[in-house]
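Report on the structure given below.
Throughout, a chain's letter reflects where its sequence line sits, starting with A, and its residues are numbered from 1.
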Amino acid sequence: NAGVTQTPKFRVLKTGQSMTLLCAQDMNHEYMYWYRQDPGMGLRLIHYSVGEGTTAKGEVPDGYNVSRLKKQNFLLGLESAAPSQTSVYFCASSTGGVSYEQYFGPGTRLTVT
Amino acid sequence: AQRVTQPEKLLSVFKGAPVELKCNYSYSGSPELFWYVQYSRQRLQLLLRHISRESIKGFTADLNKGETSFHLKKPFAQEEDSAMYYCALLTGGGNKLTFGTGTQLKVEL
């Protein structure tokens with residue numbers, strides 16, 4: 001099992017460009033999450049999903065959109081990238097049961113110039 | 001509002017010395033707390049959770065509701081313990097986690 005995978009690993013965007021980050025998991029997990037990690041700020045939740053076809057806002061949702069059309073995939077979109085969105089993005093998944101453990105992907109390093 | 005505070009950005013200890021990584025939380029409900037670890041070039045992974053009351057890699061953490069703390073401890077630090085450690089609080093529906101800002105542990109020889 002690959003666990004949680006993220007595509008791409010690195011990306012450089014110019015201000016105003018758009019892109020989509022793909023997260024895939026092969027563990028049949030119900031819940032999926034997108035975080036951003038910034039120096040001195042820890043991980044902050046952007047959006048999450050508790051099942052196929054559902055999404056919800058996290059702590060820092062502005063400037064991002066998400067979709068969960070298939071249970072195994074969770075997409076994070078940036079419609080018009082800004083330098084403030086330069087960050088490392090992590091996807092995670094969990095069963096949704098009482099174990100609560102989240103399994104993380106390797107991260108995507110995004111730079112917006 | 002829920003909050004997790006890790007006051008130390010960097011903690012440097014010598015090999016064999018005791019380690020204590022501090023974590024304080026603010027939460028109105030019954031807290032469920034975790035420690036996650038990120039080793040160099042590896043993914044973030046769960047280290048331990050307070051409900052299981054287990055010791056992982058020699059680390060333990062006790063929930064102190066009176067002091068609203070969940071400090072991570074290890075009696076003798078090893079070089080392989082060098083990593084970034086995050087304290088996290090389970091917050092509401094969707095099994096969401098609120099993370100602290102993290103503490104970089106450096107174990108020196």
Side-chain angles (χ1 to χ4, degrees), chain A residues 1-6 9-10 23 25 27 29-61 66 68 74 87-109, chain B residues 1-10 21-27 29-54 56 61 63 70 83-105:
Chain A
N1 287 351
V4 180
T5 59
Q6 292 182 232
K9 290 185 171 57
F10 304 94
C23 176
Q25 53 94 4
M27 297 176 283
H29 284 172
E30 288 294 331
Y31 293 8
M32 296 186 74
Y33 313 83
W34 275 108
Y35 294 91
R36 58 179 291 172
Q37 182 186 46
D38 301 292
M41 312 233 6
L43 278 82
R44 292 180 293 167
L45 183 65
I46 304 171
H47 286 280
Y48 66 101
S49 167
V50 298
E52 181 178 313
T54 75
T55 62
K57 293 180 180 179
E59 181 185 354
V60 288
V66 287
R68 183 104 181 264
F74 195 28
S87 187
V88 181
Y89 291 86
F90 288 98
C91 176
S93 70
S94 74
T95 61
V98 295
S99 72
Y100 304 130
E101 180 173 358
Q102 292 188 12
Y103 295 82
F104 283 80
T108 294
R109 186 174 294 276
Chain B
Q2 57 269 11
R3 178 175 292 179
V4 177
T5 303
Q6 293 181 251
E8 303 141 327
K9 287 186 178 179
L10 173 65
L21 300 171
K22 291 182 168 36
C23 172
N24 288 90
Y25 67 90
S26 173
Y27 188 58
S30 182
E32 298 279 356
L33 286 145
F34 308 82
W35 278 98
Y36 278 78
V37 61
Q38 189 174 26
Y39 300 103
S40 179
R41 304 183 189 281
Q42 293 189 27
R43 304 177 184 213
L44 194 65
Q45 59 187 283
L46 178 66
L47 179 62
L48 56 80
R49 69 200 80 182
H50 93 271
I51 55 174
S52 58
R53 302 184 66 83
E54 56 194 348
I56 303 294
L63 176 61
F70 187 56
M84 177 69 85
Y85 291 81
Y86 290 98
C87 183
L89 170 69
L90 190 71
T91 47
N95 288 358
K96 297 191 299 293
L97 292 175
T98 295
F99 284 87
T101 52
T103 298
Q104 180 73 47
L105 174 64

TODO: Answer whether the closest heavy-atom distance between the side chains of A:Q102 and B:Y36 falls below 4.5 Å.
DONE: yes
Open item on the list: Is B:L44 close to chain A through its backbone or its side chain, or both, or neither, when contacts mean heavy atoms under 4.5 Å?
Closed with: both
Task: Residue part contacting chain B, namely of A:L45, when any heavy atom lies under 4.5 Å - done: side chain
TODO: Identify which part of A:Q37 has an atom lying under 4.5 Å from any heavy atom of chain B, answering side chain, backbone, both or neither.
DONE: side chain
Task: Portion of B:Q42 that has a non-hydrogen atom of chain A nearer than 4.5 angstrom - done: neither
TODO: Report the distance from atom OG1 of B:T98 to atom CG of A:L43, rounding to the nearest 0.5 Å.
DONE: 11.0 Å
TODO: Provide the closest heavy-atom pair for A:Y35 versus B:L97 in the form atom of the first, atom of the second, distance.
DONE: OH-CB, 3.9 Å
Open item on the list: Regarding B:K96 and A:E59, does a basic nitrogen lie under 4.0 Å from an acidic carboxylate oxygen?
Closed with: no
Open item on the list: At a 4.5 Å cut-off on heavy atoms, which part of A:F90 comes close to chain B: side chain, backbone, both, or neither?
Closed with: side chain
TODO: Determine the minimum heavy-atom distance between B:N95 and A:S94, stating which atoms define it.
DONE: ND2-OG, 4.3 Å
